[in-house]
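Below: the structure, in structure tokens.
Numbering of ligands and ligand atoms starts at 1, following listing order.
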Amino acid sequence: MSETQTKVIQGRTGPWEMVLGLEVHAQVASNAKLFSGAAVGAGAAPNAQVSLVDAAMPGMLPVINRHCVEQAIKTGLGLKAQINEWSRFDRKNYFYPDLPQGYQISQFKDPIVGEGEVIVERDDGSIFTVRIERLHLEQDAGKLLHDQDPNATFVDLNRSGTALMEIVSRPDMRSPEEAAAYVKKLRTILIYLGTCDGDMEKGNLRADVNVSVCRPGDYEKFRATGDFSHLGTRCEIKNVNSFRFIQQAIEFEARRQIEILEDGGKIDQETRLFDPNKGETRSMRSKEDAMDYRYFPEPDLLPLTLDPAWIKRIEAELPELPDAKKARLQSQYGLTAYDAGVLIIEQARADFYEAAAKGRDAKLVANWVTNDLAARLTAGGIDIQDSPIPPAAIAELVQLIEEGVISSKIAKDVFERMWNGEGAASEIVEKQGLKQVSDTGALESIIDALIAANPGQAAAVKEKPQAIGWFVGQVMKETGGKANPGVINQLLKSKLGL
Ligand code: ADP
Ligand code: MG
């Protein structure tokens, strides 16, 4: 079972805890919009991707995009969630200049996906579970451009009608780190599934963060009884689009609420905005002026009825997901949870690893892929699928280490040369004369000479065997790091009579 690692904030009147629930908006990976055939994609000229439906021309009717429905089902299955064979769209009515219809088509009472869960890893490797309440499909609005003209605001409807999945969690996170780790894991799952590209900079994945504070013990009462009255009033911070901002916004908001409560005030349930420049949240609208959306069933669309056979087919075609891949890498290759966890962050990284690890020392390959190669790729801003060193070349390098042809230390040098395009590992070793000296004859004469020249050190080692390291170091120096450490140790021990 997962242990909680709750962040406790010491106030003037005692300790406080935070309770966090997230509503994540994920743009569905699709070439067309949810209810029209207009194209989706960044980079188009303003209003170049707007059909008559997206512009809400009179008499236009929405037609549901089967692919977007399939993406929502896939995501639901990836979240181990209930797929509702019957669901319905509702109209959420409000006025805003970026919403030409005057309403958003969303799902209210009957979403396409019900309860599920996400297993999340904390930085220290421990895990916890976040329960998913629901996932529903809805359309995105357009965009207002305030910076094009000093006197006017422009409207770009390219995004209008784009399909979003809103994924609502239970309030199961207890620290800023847990909230960020949850979004990270959710993002990884979506990218594995291919249902959202996870690009947070473009706003294709963004979170509304709900924050409340309570006294120690209150949350446990809520978990046991499901009664929200044990919890504090929450504020919702809209559209936070980076892991760092999510954490900063929560930290600020929790402290703001604690201060109000400790001054004897009460928290107004309100919607707030996070200002990344100031690192603070500020009120956008309060519950008093909360909108009445006058939800009602969308009359232009039939309820959505899913064929169970279709759901089964989609399930059968799901890729191996991060948790399953991690477990398999651990059992198949004997990797630690940490190594497996680092490898599965990206599908391509895990694929690269498996291609390189075939028949090789799996742990050693994991080290090269997650350390040296990863560092080089990150520094160069290169995706692992474009790595200039292919998996087979890493495998060859590791084979040379395994066979004792080169030491791990020399292997670092060989790796640098491989990265610089000097050829394959074996060629570099040959050309640069980097073969490890395991030839006992050659090493023996070096050791004999060293012992003869340093009788004091030799006597010291006989007293204190750990001092043997000095001799190993000297032999390494003389051979330019190419001596096989195992062979040196063996020879030294017999020569010094240890
Ligand atoms: P609404 O329908 O008003 O949006 P929901 O019950 O759907 O309210 O909750 C929306 C989000 O707020 C969910 O992610 C939920 O986990 C979270 N949430 C609910 N209560 C709290 C609370 N006391 N503290 C923090 N988050 C909460
Ligand atoms: Mg809500």
Side-chain angles (χ1 to χ4, degrees), residues 4 6-9 16-26 79 81 90 92-94 104 106-118 120 128-136 138 164-183 185-186 205-240 246-247 249-258 260-261 266-272 274 281 284-295:
T4 52
T6 306
K7 171 151 188 158
V8 177
I9 298 177
W16 294 90
E17 295 179 353
M18 56 182 81
V19 176
L20 310 164
L22 268 60
E23 298 160 274
V24 171
H25 284 98
L79 302 176
D90 296 281
K92 181 177 180 178
N93 299 279
Y94 66 93
Q104 177 194 31
S106 181
Q107 295 190 299
F108 186 47
K109 286 225 168 60
D110 299 291
I112 182 165
V113 175
E115 293 185 348
E117 65 173 38
V118 178
V120 186
F128 66 102
T129 304
V130 174
R131 295 166 299 166
I132 301 297
E133 189 179 309
R134 58 188 272 148
L135 175 156
H136 66 254
E138 62 185 29
L164 298 178
M165 297 180 281
E166 177 168 339
I167 304 165
V168 182
S169 86
R170 299 265 180 207
D172 287 352
M173 289 145 277
R174 309 302 314 285
S175 69
E177 294 75 25
E178 286 190 356
Y182 161 70
V183 179
K185 182 61 180 283
L186 187 58
L205 187 81
R206 50 196 198 254
D208 297 346
V209 185
N210 294 272
V211 181
S212 69
V213 296
C214 64
R215 291 297 192 179
D218 289 349
Y219 177 77
E220 287 67 24
K221 272 183 233 157
F222 154 73
R223 275 299 277 247
T225 62
D227 183 354
F228 275 90
S229 66
H230 298 296
L231 298 178
T233 304
R234 72 189 153 93
C235 288
E236 177 176 357
I237 309 158
K238 278 276 174 205
N239 277 333
V240 195
I246 289 172
Q247 298 190 56
I250 292 170
E251 191 76 36
F252 176 88
E253 179 59 20
R255 288 177 190 278
R256 185 188 73 87
Q257 293 182 14
I258 290 170
I260 292 174
L261 292 170
K266 68 177 207 3
I267 306 300
D268 294 326
Q269 186 173 340
E270 58 182 5
T271 304
R272 299 179 69 83
F274 177 66
T281 66
M284 195 172 137
R285 54 173 185 260
S286 72
K287 191 76 178 178
E288 283 87 85
D289 36 71
M291 280 190 253
D292 176 2
Y293 292 120
R294 292 177 294 122
Y295 276 104

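Salt-bridge check for Lys7 with Glu177: failed, with every basic side-chain N at 4.0 Å or more from each acidic carboxylate O.
Side-chain contact of Thr6 with Glu17: a donor-acceptor pair under 3.5 Å is absent, judged by distance alone. In this model, a donor atom of one side chain and an acceptor atom of the other lie less than 3.5 Å apart for Asn210 and Arg234.
The shortest N or O to N or O distance between Gln269 and ligand 1 is not below 3.5 Å.
Within the 4.5 Å cutoff, no side-chain heavy atoms of Thr233 are placed close to those of Asp268.
Taking a cut-off of under 4.0 Å to the non-hydrogen atoms of Arg170, the atoms of ligand 1 that pass are 16 (O). Within the listing of ligand 1, atoms 16 (O), 26 (N), 27 (C) sit less than 4.0 angstrom from a heavy atom of Pro171. Ligand 1 places these atoms under 4.0 Å from at least one heavy atom of Leu22: 14 (O). Taking every non-hydrogen atom of Leu231 and a distance limit under 4.0 Å, the qualifying atoms of ligand 1 come out as 23 (N). The contact set between ligand 1 and Val168, taken as ligand atoms under 4.0 Å from a residue heavy atom, comprises 13 (C), 14 (O).
Look at Gly232 and you'll find a heavy atom under 4.0 Å from some atom of ligand 1.
Using cut-offs of 30° and 60° on the angle between ring planes, the pair Phe222 and Phe228 is tilted.
A salt bridge (Lys or Arg N to Asp or Glu O under 4.0 Å) with Glu115 is found for exactly one of Arg131, Arg134, Arg170, namely Arg170.
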